[in-house]
Each structure stands twice: as structure tokens, then as C-alpha cells.
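Reading through the C-alpha cells given below for one structure.
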2 protein chains.
Amino acid sequence: MPDRVDLIIHDVVIATMVRGHFNLIPHGALIADRGVIEWVGIAEGLPAVRARHEIAGRGRLLTPGLIDCHTHLVYGGNRTDEFTARLAGESYAEIERRGGGIMATVRATRSATVEALAAAARPRLRNLLSEGVTTVEIKTGYGLNAEHELKMLDVIDTLSASTPQTLIKTYLAHTIPPEYRALPNVYVTEICEEILPQVVGRADGFDVFCETFAFAPEQARRMLLTARAHGLPLHIHAEQHTSLGAAAMAAGLGALSASHLEYLDEADVPRLAAGGTTAVLLPVAAYVLREPHRPPVEALRLQSVPMAVATDGNPGTAPCFSLLTALNMACVLFGLTPEEALAGATVHAARALGLLDRIGTIEAGKDADLVLWDAESPVELVYTLGYHPSATVIKRGRVLSGA
Amino acid sequence: MPDRVDLIIHDVVIATMVRGHFNLIPHGALIADRGVIEWVGIAEGLPAVRARHEIAGRGRLLTPGLIDCHTHLVYGGNRTDEFTARLAGESYAEIERRGGGIMATVRATRSATVEALAAAARPRLRNLLSEGVTTVEIKTGYGLNAEHELKMLDVIDTLSASTPQTLIKTYLAHTIPPEYRALPNVYVTEICEEILPQVVGRADGFDVFCETFAFAPEQARRMLLTARAHGLPLHIHAEQHTSLGAAAMAAGLGALSASHLEYLDEADVPRLAAGGTTAVLLPVAAYVLREPHRPPVEALRLQSVPMAVATDGNPGTAPCFSLLTALNMACVLFGLTPEEALAGATVHAARALGLLDRIGTIEAGKDADLVLWDAESPVELVYTLGYHPSATVIKRGRVLSGA
């Protein structure tokens with residue numbers, strides 16, 4: 001360690017989140033230099049170095065920067081009409097089948113410019129940043145054809161240039177456009193042969209929505225195999241409304257994550273465990289859709305499948321750009337403990353994105369993505385709703401808001 | 001109208017909320033002077049006057065300032081331990097009976113100073129203000145004895161001096177302290193003969209929590225009658241966990257509002273209607289407590305009982321200082337329409353506080369409490385979660401944040 005470093009934080013309660021536990025260090029300190037955590041431990045052991053910037057924590061809580069590992073926050077328009085229609089009794093599947101839902105957002109997204117889409121997305125990212133979210137995954141999937149899927153990647157690049165957050169880009173095969181509904185495999189071939197090759201080098205991963213009104217498991221499998229051959233990390237939207245065995249299929253291909261899982265068959269849980277696949281729980285969508293089924297949390301827990309929690313932020317089923325709201329709902333609606341919920345937005349969210357070597361815990365050698373909260377206990381972050389302790393956000397060692 | 005006024009707002013979509021409907025004026029304008037709405041109507045009819053301040057709405061939405069008509073946002077400590085205990089299966093009633101719950105907050109509130117309690121409450125009020133909430137009702141009830149109940153009123157006065165929001169103070173008979181549990185009527189007598197007379201002139205109303213583990217209906221009735229004799233407007237917490245007929249009893253005494261009502265017997269609904277009592281729905285507490293019962297919304301609607309919606313913001317059952325979150329939950333969990341939800345945070349919330357002559361709608365002669373939203377439709381305010389369109393707040397004609 002150099003004798004002069006960029007940042008020392010002392011007098012903090014540190015929740016390191018290593019291996020998914022708070023692992024509280026009650027009187028902790030931390031050294032960061034050149035964007036990386038150099039040292040973390042109990043205050044008494046703090047090496048004698050000088051720092052360009054010091055933060056006195058005054059007993060406040062320090063956590064890893066939060067990670068929202070599943071969002072669709074780039075889109076045109078909104079879906080207030082669908083919200084009203086669902087309250088009047090229409091189901092999500094019915095809305096999808098009549099060309100509302102995803103297709104409504106596809107039309108609005110296709111007709112918008114890159115700059116308009118970026119401008120609409122910025123306040124969503126800012127809201128996440130105000131909650132300490134330093135890494136955000138964003139999916140495409142509202143373009144459907146090559147031109148507009150690549151445009152969505154352009155939007156995310158534009159956003160990356162204007163936010164301190166790390167943005168992870170995932171190309172999502174979201175649904176089958178109406179013009180291909182009679183010949184869905186033609187569209188699957190178009191994705192495999194035309195879109196995926198253009199996406200390689202631009203996107204950080206591939207995701208597919210497997211559902212009765214989107215892609216069938218065999219179609220999803222074909223695209224996942226193609227994406228894997230291109231070297232893209234794999235993800236899947238599976239078992240949100242029906243049990244199709246899609247999560248287990250993707251786990252068998254080594255998928256990093258399987259999202260939703262309300263209808264995951266417990267018998268498939270060992271296959272997720274064997275595949276090293278992280279279960280990404282999206283309780284906001286379950287709440288919005290008044291979904292009575294819950295993911296098999298107890299089975300996932302017992303079989304040590306890592307559980308991440310994300311907003312699913314999107315204009316239809318989860319108009320929510322608040323990761324802390326998702327954590328609260330993961331506890332109240334899905335029965336996670338506050339510790340599991342926070343692990344789901346840190347260590348296991350990092351794992352879901354394949355980034356556990358860089359982020360997700362407070363450990364020497366990792367990026368200094370940190371949040372200093374005006375709180376004493378990590379449970380305070382999870383138990384409030386629509387309101388949270390104020391946060392000082394630190395991204396790669398740089399303090400973004402007043403400490 | 002003078003030929004020079006304080007404020008003109010033009011090019012706005014106005015949701016006036018008169019009689020509980022959006023009553024949209026698509027191309028609207030408004031004149032405010034000396035804190036009061038002087039004129040509202042379609043842009044073409046705007047009188048030719050000059051204004052000291054003009055706001056160009058650029059087609060954005062203008063609503064009445066929102067009103068949170070039921071909160072407990074002054075308190076000491078927090079109840080994160082209770083959140084964890086409930087997730088582990090303990091019920092709210094069990095927590096109350098073992099001296100957690102309200103009594104835990106009573107201990108923390110009694111041991112805190114006026115300034116410490118005010119400092120803790122300010123960010124909660126600020127969060128509400130950022131959502132366009134210009135009037136907030138705050139209950140006492142964490143002091144229980146005269147000294148600390150009056151201290152809580154002092155805290156609210158301290159807060160009033162440092163926020164532009166109108167704060168309405170309600171003295172709440174919240175629960176029976178453990179030392180009186182064997183002789184609850186002695187405590188009721190103390191409230192009637194010692195506390196209430198000291199509260200008169202300090203508080204704007206009286207409320208009582210009627211529940212198996214708080215006050216019985218006959219005890220509540222005795223206090224309500226005493227408070228009424230002192231000229232205090234009446235409120236009740238009723239039928240949250242059990243059906244005791246308390247809401248109907250209070251309605252018979254002319255109570256302004258009855259809150260919670262998950263277990264309200266439909267047969268009691270006509271008595272609320274006859275009493276002119278507003279039903280205050282608190283969906284966040286129902287969500288936090290995973291309450292399976294819903295208030296009889298359809299019966300309330302059919303019998304024209306006004307429905308308000310509030311946060312219930314408190315450290316235990318609703319750690320939520322976001323009225324827009326409560327509105328979303330009123331729709332998703334209780335089945336209100338977006339229009340009913342917004343009416344519940346404007347016109348009917350004003351009615352619940354006895355303030356409908358001053359606030360709650362956009363009409364000439366009322367206070368110029370207004371919110372200009374970065375939105376086109378009022379549904380946008382209700383359909384998002386943990387995130388909302390940015391708001392320019394206007395309190396009595398004064399613009400509080402950048403237009």
C-alpha cells in the first residue's frame with residue numbers, strides 16, 4: 001500500500017456482505033486507492049497512511065454499492081392505460097395477446113430517438129443512484145428488430161457517458177412481433193443469424209423471455225445456444241406465469257441467472273444449484289400483477305441457490321425504479337429475511353451479472369463502490385417503504401454526494 | 001380581481017378534483033393572489049391581468065397540493081427488530097401484548113427531547129413535500145401521559161416553524177399503558193379529566209385507537225364524548241384487526257373520519273354515510289402486516305362514503321413517508337381506481353380533516369396549494385412505485401421549488 005492513499009473512511013459500521021451475510025464490523029474502517037478497496041477491517045488495525053480525502057462516519061452504516069441486476073429502464077411512453085385496465089380486471093396475458101403490454105412499448109420505443117429515450121431514462125437512473133445503486137443492468141427488448149435493438153444499445157451507451165453508474169447491457173429477446181406470430185421460428189432464425197451476430201461486442205449478455213405468450217423453451221434454447229457460441233453470458237426470464245421448465249433448461253446451459261420463478265417447480269431447484277445459476281426474484285412485478293404464487297424461496301434457500309433481488313423496472317408490470325422498494329417487497333411478499341434481501345442487491349446481484357470478482361462485497365481488491373447511510377443497522381434500509389435513510393454514494397473511490 | 005396578481009400559471013392540464021373526479025381542464029390556466037386561487041378555467045377565458053410571477057406549464061399536469069390526513073410521523077427510535085420478528089412469524093397483536101410495538105416507541109419517544117424528535121421527523125416531512133404533499137396531519141400518541149403527549153404537540157409546533165407545509169395536530173389516545181392495564185378505566189378517566197382539558201386549544205382534533213389490545217368501544221365512546229364536549233373534531237382508528245362496531249359508533253357521534261376499516265362490517269357502512277364520516281384507507285399497514293382482509297370498498301363506493309387514502313406513516317406497521325406509495329397500494333391492494341386514489345389524497349383527505357372549505361380541490365376561493373407535475377396524466381402519479389414525476393410545489397401561492 002502507498003503511504004498516501006485517496007480515501008480513508010473511519011468510524012463506520014460495515015456490512016461487508018461476504019458470502020451473503022451482513023458480517024458486521026461494528027467499529028470499522030476502510031482504505032481505498034485508485035478506485036479499489038485497499039484495506040478493510042476493525043478501526044484498531046487501520047494502517048498508518050495519509051489520505052487525500054477522509055470521511056468520519058460517526059457510527060453510520062457502510063455497505064457495498066447496491067446493484068440492480070434486472071431492469072428494462074430504457075423505453076418510450078408509459079403504460080398508465082394498462083394499469084387502469086388491470087385494475088378493471090384484465091390480465092397481463094390478455095393485455096399481451098391484444099397487442100398491448102410489451103408491444104405497446106415497442107411501438108413507442110421504435111418511434112423515439114436515442115436522445116429522447118436517454119432523456120426519459122436519466123431520472124430513473126438518478127432515482128436509483130439516490131438509493132445507493134452504483135451498478136445497473138439494462139435490457140433491450142423493446143426494439144425487436146436489429147435496427148431498434150441496436151438503437152437501444154446506443155441509448156445505454158449514451159446513458160453511460162452521463163452517469164457515474166456502471167451500466168451492464170443485455171440484449172433481450174423479449175417477444176415475438178405480431179408479423180412473425182404465424183412463423184415464430186423464422187423470427188428465432190432472424191435473431192440467431194442476424195441480430196445476435198451484430199449484438200456481439202456491443203452487449204454484455206443475452207436474455208430471453210420464455211412464456212406462453214413469448215418464446216417457447218425450445219426456441220429459447222436455440223437462441224441461448226447461439227448466444228453461448230458467441231461467448232455471451234446467458235440469462236432467462238422463466239416461470240413467471242406458467243411452469244415450462246425453462247429455468248432448469250437454461251441452468252443446464254450454464255446461465256448466470258434465471259428471473260421471476262414464481263411458478264418454478266421445486267423439483268427443478270437442484271438443477272439451478274448444479275448450474276450455478278442465480279435466482280433473480282422480482283417481487284414488484286408479482287405485487288403489481290397481484291400474483292398469488294410465490295417463488296419456492298424455502299427450497300432455493302435450503303439448496304443454496306443464490307437469490308438476487310431486482311426492480312425489474314419497466315413501464316408495464318413494474319413501474320418502479322427503487323431497488324429498496326423491491327427489497328422491502330422481497331421480505332414482505334416473498335418471505336426473505338432482511339439479510340437475504342440485502343445480499344440479493346449486493347453479493348448475489350453481482351453473481352447474477354458475473355461480476356462477483358469486482359463488486360458486490362466490501363473486500364480488499366474489489367472496486368470501491370460503497371454507500372454510507374444515515375442509519376445504524378442494515379435492516380433500516382429494507383424496512384422502510386418509499387423513503388430511505390440518506391445516502392452518501394462512493395463510486396470507484398469517488399465521493400458523489402456530500403459526506 | 002386586482003389588475004396585478006401574484007401568480008399566473010398557464011398551459012397546464014388541470015385536475016381540479018372537484019367532487020372527487022379528475023374533472024380535467026386540458027388547456028387550463030390559473031390565477032393566484034395573496035395565497036388564494038382567484039380564478040381557474042380554460043386558457044381562452046384567462047382574464048387580462050399582469051402577474052408578478054408566471055409559470056409556463058408546457059402542457060404539464062396541475063393538481064391540488066396533496067394531503068396526508070393520517071400519520072404518526074413524530075416518534076423516537078425505529079422498529080427494525082419488529083420488522084424482522086414479523087417476518088419470522090410473530091403477529092402484530094402478539095408484539096403489542098409482549099410490550100413491543102407501540103410501547104417500544106413510547107419508551108423511545110419519552111426519552112427523547114423535543115429537538116431530537118423534530119430533527120428525526122424533518123426528513124419524513126421533506127420526503128412528503130418532494131411528492132407534493134402540502135398538508136400533513138400528525139398524531140400524538142407515543143407519550144401516553146400528559147407531560148409527553150403535550151411534548152409531542154410541542155414537537156409538531158417546532159416542525160411547523162420550519163416547514164412550509166400546514167401541519168394538523170391530533171391528540172391520539174393510542175393505547176393503555178402497562179401500569180394501567182388492570183384498571184384501564186382509571187386511565188380513561190385520566191385522559192378525560194386531565195389530558196384532554198390540557199390538549200384543548202393546542203390540538204386540532206381527537207383520535208382514539210379502538211382495538212382488542214387498545215381501547216374498547218365503550219372506553220373510546222366516553223373519550224370521544226368528552227372531546228366533543230370540548231369542541232374537538234373527532235376521529236377513530238377502527239376495525240383494523242377485528243370488527244367491534246367502533247367506526248359506526250364514532251360516526252354516530254359525528255366523527256370526521258374513521259381509519260383502517262379492514263374488518264368493517266358492510267352493515268355498518270350506512271351509518272358512516274349517515275354520519276358524514278370519511279373512510280380513511282391505510283393500505284400500507286395492510287401490506288406490511290400481510291392483512292388478507294380488505295376494507296369493503298365496493299360497499300363504501302356504492303353508498304357514497306368518501307374514501308381518503310393516507311400513509312399511516314409510523315415506525316412499526318407503516319414505515320412509509322410516501323403518499324404516492326400509499327395511493328399505488330390503494331389501487332393494487334384495495335381495488336381503488338386511480339381517480340379514487342387521487343381523490344383520496346386531495347378532496348376526501350381535506351374532508352377527513354374538516355378542511356374542505358380551504359383545500360383539497362382547485363377552485364376559486366381556496367388556498368393556492370398546488371403541484372405542477374412533470375406528467376401529462378394524473379394516472380402517472382399513481383402507477384409508479386418508489387419513484388414519481390418531478391414536482392414543483394406551490395404553497396399558498398408561493399413556489400417552493402424550481403418551476
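First the proteins, then the strands, lettered A, B, ... as listed; each starts at 1.
The contact between Phe321(B) and chain A is made by backbone and side chain atoms together, counting heavy-atom distances below 4.5 Å. Heavy atoms closer than 4.5 Å to chain B are found nowhere in Arg86(A), neither backbone nor side chain. When heavy atoms are compared at a cutoff of 4.5 Å, Asn328(A) approaches chain B by way of both its backbone and its side chain. Heavy-atom distances place both the backbone and the side chain of Val382(A) under 4.5 Å from chain B. For chain B, the nearby parts of Pro315(A) are the backbone and the side chain; heavy atoms of each come within less than 4.5 Å.
For the pair Phe83(A) and Cys331(B), the tightest heavy-atom approach, listed with the atom from each and the gap, is CZ-CB, 3.8 Å. Listed here is the closest heavy atom pair of Thr84(B) and Pro338(A): OG1-CG, 3.8 Å. Smallest separation of non-hydrogen atoms from Tyr287(A) and Leu385(B): CE2-CD2, 3.8 Å.
Considering only heavy-atom pairs separated by less than 4.5 Å from chain A, the leading option among Ala326(B), Ser322(B), Pro319(B) is Pro319(B). Comparing Thr325(A), Leu336(A), Val288(A), Leu87(A) by heavy-atom pairs within less than 4.5 Å of chain B, the highest count is held by Leu87(A).
The CG atom of Asn127(A) lies 7.5 Å from the NE2 atom of His388(B); values are rounded to the nearest 0.5 Å. Here the straight-line distance linking atom CZ of Arg126(B) with atom OH of Tyr387(A) works out to 8.0 Å at 0.5 Å rounding.
Around CD of Glu376(A), the count of heavy atoms belonging to other residues, nucleotides or ligands within 6.0 Å does not exceed 12.
Panel note: side chain Asn78(A), backbone Tyr383(B); no donor-acceptor pair is recorded below 3.5 Å.
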